[in-house]
Amino acid sequence: MNGVHDLGGMHGFGPVEREEHEPLFHAAWEAHVRAVMTLSMGRKYFNIDAFRYGIERMAPADYLRATYFERWLASVEYNLIQQGLLTGDELDARVAFLRAHPGADPPRASGATSPPRAQEAPPEPPSPAAPRFAPGDAVVTRNVHPVGHTRLPRYARGKRGVIHLAHGPQTFPDTNAHGLGGQPQPLYNVRFEGRELWGDSTEPREAVHLDLWESYLESAPA
Amino acid sequence: MNGVHDLGGMHGFGPVEREEHEPLFHAAWEAHVRAVMTLSMGRKYFNIDAFRYGIERMAPADYLRATYFERWLASVEYNLIQQGLLTGDELDARVAFLRAHPGADPPRASGATSPPRAQEAPPEPPSPAAPRFAPGDAVVTRNVHPVGHTRLPRYARGKRGVIHLAHGPQTFPDTNAHGLGGQPQPLYNVRFEGRELWGDSTEPREAVHLDLWESYLESAPA
Amino acid sequence: MKYDPEQEPYVALRTKALESLLIEKGLLSAEAVDERISEYERDIGPLKGAKVVARAWIDPAFKARLLASGAAIAELGLPGGGNLVVVENTPTHHHMVVCTLCSCYPWTVLGLPPTWYKSFAYRSRAVREPRAVLREFGLELDEAVAVHVWDSSAEMRYMVLPERPAGTEGLTEEELAALVTRDAMIGVARVAAPAPSGAAAG
Amino acid sequence: MKYDPEQEPYVALRTKALESLLIEKGLLSAEAVDERISEYERDIGPLKGAKVVARAWIDPAFKARLLASGAAIAELGLPGGGNLVVVENTPTHHHMVVCTLCSCYPWTVLGLPPTWYKSFAYRSRAVREPRAVLREFGLELDEAVAVHVWDSSAEMRYMVLPERPAGTEGLTEEELAALVTRDAMIGVARVAAPAPSGAAAG
């Protein structure tokens, strides 16, 4: 999707601000969000692409206002609810309970957890055909604007590049994020000249490398 | 600038919500903002392009959170402060005063206003040369990413189109917004096919028309 | 874009502060502000545009001049035609107007824009999926109809001349103008035929 | 992106609510959460990456294998090399890493990412004006140096092998590793020569 998360090339976000002696987390809840997210993914409640999509689909103003781990929390909630493992009402009720009982530790029954979830993945298609491109090939990215998840950023659409590396077949995020299976296809590292991406606004002698799936690419016309 | 205001083609903003029997303004202050803005522009405290830039340069999260007239207010403030007609401290102090004296009507001394401001416009360049393009000409928009104000939206950069109308010379916003003068240049209406802009994601039989200044355009290679 | 009453007090206060400072400094006059606001209260919305449309429907020569140059609205005593372009909807070509970068709008003929026109949703979607947007407005276009979206990126302003509905042959210019809606002149609606009494024809 | 203490209570509460529900439902165990969090507390940051760099500096054959495939880090007993690509900074080619779409980061070798790496400013600017960004980090590149920005759009992870600073000939592998910073392996800094005692050479 063409979302505000697709930040490459945007103006208006100011200088890069660094924090001296930054702690690993700025608050305890951030570590908990990270733990809950990684454990949930490990138990296959959702996959990394669905997780990323859950962040991208946040309302644009919310995305920009939220901190990094607030976005994580939003996507964990969204995905667990989508999977039917939780309801928004349950969450709201539990928040209300915790607010009403500030000291209370809610039940943290330990031990028995249900077995990890076997995702009902649609059957994988036959293993992909031989890669269409090889290092050195000139390609042009497709000018597509899908409503769902994609990893072809806007700044690199409809642009010419050269295959730099062939990484071999990899899970396709555009389907995997939406419960349509991994459908692996060849992944390439593609090198773009700065001038191709940014025109006269480019800095001198710049190149950008992106990892792009085969279906994002076409052979460049000579 | 590549800002969040450049909304053409973005996803994630939901359906178009309409309001039945919408009032002209939703609150009295909105009418006041509109009046103050149009009167200030009429008195040449700033021009329309500087006003638009003042909105675009809002922090992206603020832009998306603000309502339409809140963005107007932000830009009026910004431009008046930029022009040295007002300081942020004065404004804050007046807000504090009004808050402390809810009933008080601050001085609204009527009558004498200073004469409208003569902007010290840099000398205009000699009147522009003959238009470079004529209706029917194939053009391609430049792939530029200026840090300042521009009216060439991102979705239409580096795209092929056809000159549809020649409007004649018009003030160039990219300079006019930044105190660099009007520097008129020929303005054209350019027609783009949906497929050129959106690739396979286009709807059938779509065309988009944009008004673009001559320096945004190059002759399309055959 | 939504109106949030909780934010109002501060914004209202800040607006009042700004205005009072400008008046105090002699940069604006209180009378001018009051007069401008009362002008808004007298806003007649899209009535001027509707008059233009009705005249174009009944006077083919005026329509030809209007489509050649929006300046023709001066013939009706209307100002603001100098940067106006009127585009005509036909059975095979549909036009609609948007401003993706801000919210430019032909206010000299249509009055102040509705909030939906200024919404992020309309601004982002109209150029990418005009048919889907029109569908939400209740206007389903046949695939054979070409859609032209006018993104107002300069100071030219675009107004749509909608199709004259069937069954309006007997109507006066004034009656025709009364049928014409703002949405039809933005290009997100058709002009509906007059309700029961008019006999369908043509 | 900034940390806003005022927002914390609600988010903290909501996180606690989520976690407790998942535990109650048997979807996660409290022990697993606690264990995972204590792993973060033991996070060793970029130490693994620094070891890889130091070894590459002193062992040309290892360096060649590393640049051919990140899997070579297994030789140092390190996991996570399967999707790792190491790119080498030289006097004429400078590499830096970003993730514009989210915040992908080679955490198996560098630990958890700093906030600036996840910031909207870094994500938006690194691909468009890498030299300007590097300048803010205090790294001024000659115009003759080519800049390569690696935007991590898939599951491949990129790590920069920085240039070995002059004056480090006599250092042990461990002393070399101690010089290597996280920022140098992201590509936004050079590795500084050891301070006073080392004699400049080479």
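Residue numbering restarts at 1 for every chain, and letters A, B, ... go by the order of the sequence lines. Just so you know, these numbers come straight off a predicted model, no measurement behind them.
Using a 4.5 Å cut-off between heavy atoms, B:Thr38 touches chain C through backbone and side chain atoms alike. When heavy atoms are compared at a cutoff of 4.5 Å, B:His149 does not approach chain C at all. For B:Gln170, the part sitting under 4.5 Å from any heavy atom of chain C is the side chain, from C-beta outward, and nothing else. Only the side chain of B:Ile48 comes within contact range of chain C, with heavy atoms under 4.5 Å apart. When heavy atoms are compared at a cutoff of 4.5 Å, B:Leu197 does not approach chain C at all. Both the backbone and the side chain of B:Glu206 come within contact range of chain C, with heavy atoms under 4.5 Å apart. Proximity to chain B involves both the backbone and the side chain of C:Val127, based on heavy atoms less than 4.5 angstrom apart. When heavy atoms are compared at a cutoff of 4.5 Å, B:Pro173 does not approach chain C at all. Contact of B:Thr150 with chain C is made through the backbone alone, with heavy-atom distances under 4.5 Å. No part of C:Val98 comes within reach of chain B, as not one of its non-hydrogen atoms sits under 4.5 angstrom from that chain.
Note: C:Glu143 leads C:Met96, C:Glu143, C:His94, C:His95 in heavy-atom pairs under 4.5 Å with chain B. If you tally non-hydrogen atom pairs under 4.5 Å between each of B:Glu90, B:Glu56, B:His167 and chain C, the highest count goes to B:His167. Note: C:Pro130 leads C:Ala132, C:Pro114, C:Ala32, C:Pro130 in heavy-atom pairs under 4.5 Å with chain B. Taking chain C as the reference chain and counting heavy-atom pairs below 4.5 Å, the highest number among B:Gly12, B:Pro204, B:Ser201 is found for B:Pro204. Chain C forms more heavy-atom pairs under 4.5 Å with one residue of B:Gly194, B:Ala156, B:Pro153 than with any other, namely B:Pro153. Looking only at heavy-atom pairs under 4.5 Å with chain B, the residue among C:Pro113, C:Cys102, C:Ala126 that has the most is C:Cys102. The greatest number of non-hydrogen atom pairs below 4.5 Å with chain C, out of B:Asp49, B:Ile55, B:Asn189, B:Leu152, is found for B:Asn189. Across B:Leu24, B:Leu212, B:Val33, the residue that shares the most heavy-atom pairs under 4.5 angstrom with chain C is B:Leu24. If you tally non-hydrogen atom pairs under 4.5 Å between each of B:Leu187, B:Val36, B:Thr171 and chain C, the highest count goes to B:Val36.
In this structure, C:Arg125 is not positioned above the aromatic face of B:Phe13 in the sense of NZ or CZ being under 6.0 Å from the six-membered ring centre and within 45° of the axis. Judged by the 6.0 Å and 45° rule, C:Lys118 forms a cation-pi pair with B:Tyr68.
B:Phe172 and B:Tyr216 have tilted rings, their planes meeting at an angle from 30° to 60° on a 0 to 90° scale. Ring orientation note: the planes of B:Phe69 and B:Trp72 are nearly perpendicular, at an angle over 60° on the 30°/60° scale. Aromatic ring pairs are classed by plane angle as parallel below 30°, tilted from 30° to 60° and perpendicular above 60°; the pair B:Tyr155 and B:Trp198 is parallel.
Note on C:Glu19 versus C:Lys16: no salt bridge recorded, every NZ/NE/NH1/NH2 to OD/OE distance being 4.0 Å or above. Between B:Arg191 and B:Glu193, at least one side-chain N (NZ, or NE/NH1/NH2) sits under 4.0 Å from a carboxylate O, which counts as a salt bridge. A salt bridge links C:Glu75 to C:Arg65: at least one charged side-chain nitrogen sits closer than 4.0 Å to a carboxylate oxygen. Under the 4.0 Å criterion applied to side-chain N and carboxylate O atoms, C:Arg14 and B:Asp92 are assigned as salt-bridge partners.
Judged purely by distance below 3.5 Å, without hydrogens or angles, the side chains of B:Arg52 and B:His5 never pair a donor atom with an acceptor atom. Side-chain contact of B:Tyr53 with B:Arg57: a donor-acceptor pair under 3.5 Å is absent, judged by distance alone. Under 3.5 Å, the side chains of B:Gln185 and B:Ser215 contain a donor-acceptor pair of N or O atoms.
No donor-acceptor pair under 3.5 Å is formed between the side chain of C:Thr168 and the backbone N or O of C:Leu171. The backbone N or O of C:Leu101 sits less than 3.5 Å from a side-chain atom of C:Arg123, completing a donor-acceptor pair. Remark: the backbone N or O of B:Phe133 is paired with a side-chain donor or acceptor of B:Tyr188 at under 3.5 angstrom.
At a heavy-atom separation below 4.5 angstrom, chain B is approached by C:Val149, C:Trp150, C:Asp151, C:Ser152, C:Ser153, C:Ala154, C:Glu155, C:Met156, C:Arg157, C:Tyr158 within residues 149-160 of chain C.
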